Amino acid sequence: MDLTSEKIQRILSKYKFRDVAVEELEKIHRIYPGMKPSTGTYTFSDSTQKNLLKLTGTIPVQYEGRSYNFPIQLWLLDSFPFTPPICHLKPTSNMVIREGKHVDARGRIHLPGLHNWDYPKSSVVGLLNEMVTKFQEDPPLSSKTTPDNKDPHELLAFVSNFRISDGGIGHHDQPINKVSVIGGGDLGMASVMSILSKCKVDKLVFIDVAESSTKGGSTDLEIFSLPKVEVSRDISASAGSRVVVVTANAWSSEQSYVTVVQTNVDLYRGIIPNLARLSPSAVMLIASQPVDIMTHVAWRQSGLPPTHVIGAGCNLDSERLSHVMDINLNTHKPAWVIGELSDNKIPVMSNSGLNSNASPEIAQGSSSTKPLLDRAFEIMKNRGQRSWSVGLSIADITNTILTDKKKVHSVSTLAQGWGGIAVEVFLSLPCIMGVNGSTRLAGVSLGQEEDSKLRNSVTSLSSLMAQLRI
């Protein structure tokens, strides 16, 4: 591999493990001599840029007895080979990207070998071999259809809803409504079944995380083969999701509550960054426990904007409260439960009626509304949060996001700056939900009792977060 050019040498000199990187590049050249090095400026998802080394070439893919050369490009970070390359397909103007399990709509490649990278056990040569194997099973490229090109071998398979042209990537149709549920067990299954019933989805991926203690159900889904449901144990199957629901828990047998929660945090560290990287535009909906803490952890680990990481929080209680207020107490106004999902929950009411076109606002606490809210809370007592109930709540939030309904849900969100909260903390607040995530309703002055509960929750949640290794 020719690394003698001045540009390549200049970039290589800035690599943290230059000599090891050069050795790895020579290994690549011996097995894949067609991969050529060059330099370029890579733009990351946060718009920052960096001058890096890249490898460009083709890999041979056999499909139905014929051979195809798939063009690829690998960007090598300055900590290579201890960090994996960023891999992309580089289709020509007459090729079409087929979004699938291992490739997203923009051509970014996602493979188990990338997400489980562990140098020196992992190598680019091994990664390219895995790429060939996976692409032979499910080719991510096909030729554009023309009147003179009807050969099914050339088409490879169904052309997905993104097309590549000389001008770049463009939508050919509406984005696919894809939802992924991460974590098995009763809640994972309840979420899958509820989303299928409530939402219009094109594809629902159910991923049973091996490390989670809430396992099970995936085998039954495989046996009975539900329409539009894909069962997987590979996080990369979630690529391109519009909503990612996380129900996984990893409870340990430790006695300390902090230690038990830390087990969940450690589980998240292995899955959340990958989920965010695979679906960077998705809204991440957290249902793991404790939900306010785990939503905060997921936001920290994902790198996503706070509007795109929410928790199921008090949404179920809020829907129950609104139902009781409307049916039992005849108020006909939306109501929400805010704060921590604990005994410190606080009921609040909307200023406007259920069918009003006015922008939703939280009503100021008053002597007239408090007895109604207290009575509604009394009626709701002892209903509990069973898996199927939470699953229905998750499906309702998911449907609002997919349809851009702009419905107000009380979800766990970044509360800093709301109602005088000065610290970084997540708890449930009424938020307008849609395809772009969450927008909080404006804060209001609470009564003395309610404000005290909220402050106690902020203190306890902040204290627990400070004891965790994120």
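Since the model is a prediction, treat every value here as computed from it, not as a measurement. All values below were derived from every heavy atom in this structure, side-chain atoms included, with hydrogens, water molecules and symmetry-related copies excluded.
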For [X] versus [Y], what's the shortest heavy-atom pair and its separation?
{"X": "Arg440", "Y": "Gln416", "answer": "NH1-O, 3.1 Å"}
{"X": "Thr413", "Y": "Pro306", "answer": "OG1-O, 4.5 Å"}
{"X": "Asn69", "Y": "Met95", "answer": "O-CE, 4.3 Å"}
{"X": "Val435", "Y": "Val283", "answer": "O-CG2, 4.1 Å"}
{"X": "Ser457", "Y": "Ser342", "answer": "OG-OG, 4.5 Å"}
{"X": "Met284", "Y": "Ala298", "answer": "SD-CB, 4.4 Å"}

Return the [atom1] to [atom2] distance between [X] and [Y], rounded to the nearest 0.5 Å.
{"X": "Gln73", "Y": "Lys90", "atom1": "CD", "atom2": "NZ", "answer": "5.0 Å"}
{"X": "Ile401", "Y": "Asn177", "atom1": "CD1", "atom2": "CG", "answer": "11.5 Å"}
{"X": "Lys345", "Y": "Ser318", "atom1": "NZ", "atom2": "OG", "answer": "9.0 Å"}
{"X": "Glu340", "Y": "Phe426", "atom1": "CD", "atom2": "CZ", "answer": "14.5 Å"}
{"X": "Cys199", "Y": "Lys228", "atom1": "SG", "atom2": "NZ", "answer": "11.0 Å"}

For [X] and [Y], which I'm curious about, is there any donor-acceptor pair between the side chains at under 3.5 Å?
{"X": "Thr4", "Y": "Asp2", "value": "yes"}
{"X": "Thr41", "Y": "Gln49", "value": "no"}
{"X": "Asp138", "Y": "His102", "value": "no"}
{"X": "Ser236", "Y": "His115", "value": "no"}
{"X": "Asn315", "Y": "Ser410", "value": "no"}

Matching residue for Ile72 among Thr58, Leu128, Thr56 - test: side-chain contact (heavy atoms from CB on, under 4.5 Å): Leu128
Measure the shortest side-chain to side-chain distance between [X] and [Y] over non-hydrogen atoms and say whether it is less than 4.5 angstrom.
{"X": "Asp104", "Y": "Leu278", "answer": "no"}
{"X": "Ile86", "Y": "Leu74", "answer": "no"}
{"X": "Met465", "Y": "Ile293", "answer": "yes"}
{"X": "Leu52", "Y": "Thr39", "answer": "no"}
{"X": "Glu99", "Y": "Arg106", "answer": "no"}
{"X": "Ile338", "Y": "Leu427", "answer": "no"}
{"X": "Leu53", "Y": "Leu25", "answer": "yes"}
{"X": "Glu424", "Y": "Arg300", "answer": "yes"}

Any Lys/Arg nitrogen of [X] or [Y] sitting under 4.0 Å from an Asp/Glu carboxylate oxygen of the other?
{"X": "Lys27", "Y": "Glu23", "answer": "no"}
{"X": "Lys50", "Y": "Asp78", "answer": "yes"}
{"X": "Lys178", "Y": "Asp202", "answer": "no"}

Dump the intermediate steps for side-chain contact (heavy atoms from CB on, under 4.5 Å) on Glu319 and Asp396, then the final yes or no. CA-CA 10 Å; Glu319 293 297 323; Asp396 192 46; 4.0 Å; yes
Could you please spell out the steps behind the side-chain contact (heavy atoms from CB on, under 4.5 Å) verdict for Leu275 and Ile182? CA-CA 9 Å; Leu275 290 171; Ile182 316 298; 3.8 Å; yes
Is it true that a side-chain atom of [X] and a backbone atom of [Y] form a donor plus acceptor pair closer than 3.5 Å?
{"X": "Thr263", "Y": "Thr259", "value": "yes"}
{"X": "Asp208", "Y": "Ser232", "value": "no"}
{"X": "Ser241", "Y": "Ser238", "value": "yes"}

Run the numbers on Phe80 and Phe82 for ring pair (Phe, Tyr, Trp, His ring centres under 6.0 Å), then give the verdict. CA-CA 5 Å; Phe80 175 81; Phe82 290 91; 9.1 Å; no
Before giving the answer on side-chain contact (heavy atoms from CB on, under 4.5 Å), spell out for Leu55 and Leu76 the whole-Å C-alpha distance, their side-chain angles and the decisive distance to 0.1 Å. CA-CA 8 Å; Leu55 299 176; Leu76 310 180; 4.3 Å; yes
As a quick check of understanding, evaluate side-chain contact (heavy atoms from CB on, under 4.5 Å) for Val201 and Ile176, giving each step before the final call. CA-CA 8 Å; Val201 294; Ile176 186 172; over 6 Å; no
Trace of the side-chain hydrogen bond (donor to acceptor under 3.5 Å, both in side chains) decision for Ser288 with Tyr268: CA-CA 10 Å; Ser288 307; Tyr268 263 38; 2.7 Å; yes
Would you say the ring centroid of Tyr15 lies under 6.0 angstrom from that of Phe17? no
Please state whether the rings of His296 and Trp299 are parallel, tilted or perpendicular, taking 30° and 60° as the class boundaries. tilted
